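First the structure, in the form of C-alpha cells, and then the observations on it.
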Amino acid sequence: MCFVTGMLSHYQYQPWSWLPVPASPVQAYRVTQGLHVATGVAAIPLLLVKLWSVYPNLFRWPPIRSMKHALERLSIFVLVASALVQLTTGFLNTLNWYPWPWSFPSTHRYLGYVLIGSVLLHIALKLPDIKYGLQARLADADVLTEVPWNENPLAHSNAGTVPPPVMSAMNRRGLFVAVGSGIGVIVLTTVGQTVTPLARIGLLATREASKGPQGVPVNKTAMSAQVLTLATAEDWRLEVTGPTPFTLTLDELESMRSVSEHFPLSCVEGWSVGAEWRGIPVIDLVRRAGGDASSRVEVFSLQPNGYNHSMLVGPQVGAALLATHLNGERINLDHGYPVRLIAPNRPGVLNTKWLRRIEVT
Amino acid sequence: MREYRIALGVAGGLLLTFGVFRLVTELDASDLLVLLVWLIAAVALHDGLIAPITVGTGIALAAVPARGRRYLQGALLVGALITVIAIPLIGRQGTQPESKAILLRDYTANLALLLGMTAALALALYVLRVLREHEPAGAPPGQDEGD
C-alpha cells in the first residue's frame, strides 16, 4: 500500500500529458498521501519487531554454505538496509529534517523500487516457509520454538538447525497483541496531522493545522521565497497570455466574479487540512484569453526558483481557482498574496503561490 | 508453487535492479557514497546495537516471575516502539519557523504520558490476572506456568 500510494504521489508531480490528473474526488491526494505516510510510519514498529524475530538467523553457522547461500544473504542485507534507510528518511521528511546530502524526492523513489523489489524477492525465496507457517495452527505456540525448522519438511534449505530457546517468552498471541497495540498507538497519535478529528490525540503528530496562520500551515514563507517586495509592489500585474492576451491589475482582479470552494491543502509530508477558499475560477481567465476547458494552462510564480510554476491540464482546469481569500480572510503573504492557485486533488506544492503570469495554450 | 516463486522473484529482481540503476546513474558520486555508508551503518546500528539490547533485555527478564513476565514484556515492547518514534520528534521540537505549524507540541511530556498509560494498562491487566487466579470457583491455577 505504501509503494502504490507513493507512486500515485509521484504521478501527481510528473503526470503523462495524455492522462491528466482528475479533479475529483477532491480529497483524493489528501487520502493517498495521508495513507502513504501513515503506512510508512506504521511500518517502522513492524520492521523492528520483524528484525528482532529473525535476528538469530544472523548467527547461523556456517555463515556461507554455498554461492546460492551467499547470494541469498546478500539479498537479505539489501532488504534490511534499504528498509531501515527508506523508513527512517521518509519519517524524517515529515519532520522537514534532511541530515543528508542527496535530493530526497528522487532518492526516496528509487530506494522505494529497491525496497519493494527486495521484499518481493524475499517472499519468493521464503514462500515454502510462509506457506507452512500459515497452514500450521501455531496460535498458542511459543514464539521461539513453534516447530523447529529442521523438522519442517518444507523449510527452505537456508534455515539449518535451531537450538531450543533457553528461556520462556510471551506466547505468539501475546506478541501479536503487543505489536498490534504498539502500531495502533503510533498510528493514532501521528495521523492527527492528516485526519483532522484525530488532531486532539495527535500526541506524536508533527503538524498542527490549527496553529497555522489563517488555519493552514505554511511550508514556504514569503521571506524564504524572496517575494516580499515583489508581492506587495504597486505595479504588480497578472499577465495572461494566449490567443487574446491581457493584463490585470490587483484592483481589476479583486473586482472579478469569485466563488467559494472547500478544498484541502495536502502536502507530500502527509499532513493536510480542509479550508474554505474564495477566488476567481481559472476557467474565466482562460476563456478571456481565448482558450477553453481543454487548454493547457501553466502558471508562474514571483518566486525565482524551486517549485515556482505548475501545469493545469484536463479536469483540473475547470475546477481550479485563483484564490484571494482563505477561511474568510484575504490570504496573507505567506499563503501566496496577492493570488495563488488552488485546485482539488493536487499536492500542496503544485498549488503555486504569488502568481504573476498564466500561459494558456 | 514454483511458478509463483519464479514470477515474484523475477518481478522483485527487475524492480530492484531498476532502483539500483537509477540510484547509480542519477546521484552524484559523493551522494551515492554517503547513501552507501547510511545503508551499511543502518544495518550495523541495528544488528550491532539495537538488537543486542533488545535480546539482552529479554534475557534479563528471565529473572521476573513467570506470571507477570508477559505483561512486563508487553509494556516494554509497546513502550520501546513508541519511544523510537518519539525520539526524533523530541530532538527537533521547536526548531522550525512558526508559520509551518510543525513540531510545536511538547513531545517529551506527550511521550511520558503515553508511556505512563502503557505501564498503567499493563499493570491493570496483570492485576486482573492475579485476581482471576484467586477465584474460589476452582479455575485450574497456573495453566500457563512456565510457558
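Because the structure is predicted, anything quoted here is derived from the model rather than measured.
Rounded to the nearest 0.5 angstrom, A/Asn93 CG and A/Phe91 CZ are separated by 11.0 Å. Interatomic distance, A/Asn219 CG to B/Ile102 CD1, rounded to the nearest 0.5 Å: 7.0 Å.
Using a distance-only test at 3.5 Å, with no hydrogens or angles considered, no donor-acceptor pair links the side chain of A/Lys353 to the main chain of A/Tyr337. Side chain of B/Arg132 to backbone of B/Val127: no donor-acceptor contact under 3.5 angstrom is found. Looking at B/Gln93, its side chain does come within 3.5 Å of a backbone N or O of B/Arg105 through a donor-acceptor pair. Judged by distance alone, with hydrogens and angles left aside, the side-chain atoms of A/His335 form no donor-acceptor pair with the main-chain N or O of A/Thr221 at under 3.5 Å.
Between A/Trp100 and A/Phe104, the ring-plane angle classifies as tilted under the 30° and 60° cut-offs.
For B/Arg92, the part lying near chain A is the side chain, with the backbone staying farther off; criterion is any non-hydrogen pair under 4.5 Å. Only the side chain of A/Leu58 comes within contact range of chain B, judged by heavy atoms closer than 4.5 Å. For chain B, the nearby parts of A/Leu204 are the backbone and the side chain; heavy atoms of each come within less than 4.5 Å. Residue contact with chain A, scored on non-hydrogen atoms closer than 4.5 Å, is absent for B/Asp106. With a 4.5 angstrom heavy-atom cutoff, A/Val49 touches chain B only via side-chain atoms. Within the 4.5 angstrom heavy-atom criterion, only side-chain atoms of B/Leu27, from C-beta onward, approach chain A. Heavy atoms of B/Leu113 lying under 4.5 Å from chain A belong exclusively to its side chain. Looking at B/Val43, the atoms closer than 4.5 Å to chain A (heavy atoms on both sides) sit in the backbone and in the side chain alike.
Closest approach of A/Leu79 and A/His122 over heavy atoms only: CD2-CG, 3.6 Å. For the residue pair A/Val78 and A/Ser118, the shortest heavy atom distance occurs at CG1-OG, 3.5 Å. Contact between A/Ala42 and A/Ile183 at its shortest, heavy atoms only, is CB-CG2, 3.9 Å. Among all heavy-atom pairs drawn from B/Leu81 and A/Ile186, the shortest one is O-CD1, 3.6 Å.
Heavy-atom pairs under 4.5 Å with chain A were tallied for B/Val20, B/Leu104, B/Val84, B/Leu35; the largest tally goes to B/Leu35. If you tally non-hydrogen atom pairs under 4.5 Å between each of B/Asp28, B/Leu39, B/Leu14, B/Thr54 and chain A, the highest count goes to B/Leu39. For the set B/Pro97, B/Pro88, B/Ala109, B/Ala41, the count of heavy-atom pairs under 4.5 angstrom toward chain A peaks at B/Pro88. The residue among A/Ala205, A/Pro213, A/Ser75, A/Ser181 with the most heavy atom pairs within less than 4.5 Å of chain B is A/Ala205. Of the residues considered (B/Leu121, B/Ile6, B/Asn110), B/Asn110 shows the highest number of contacts with chain A, using heavy-atom pairs under 4.5 Å. Comparing A/Val80, A/Thr190, A/Leu120, A/Thr94 by how many heavy-atom pairs each has under 4.5 Å with chain B, the most go to A/Leu120. Annotation: maximal heavy-atom pairing with chain B below 4.5 Å, among A/Thr88, A/Leu51, A/Thr89, A/Leu95, occurs at A/Leu95. Taking B/Thr17, B/Ile82, B/Asp47, B/Leu32 one by one and counting their heavy-atom pairs under 4.5 Å with chain A, the maximum is reached by B/Asp47. Your options are A/Pro45, A/Gly182, A/Pro101, A/Gly112, and the one with the most heavy-atom pairs under 4.5 Å with chain B is A/Pro101. In terms of non-hydrogen atom pairs under 4.5 Å with chain A, the most contact-rich of B/Leu23, B/Ile90, B/Leu45 is B/Leu23.
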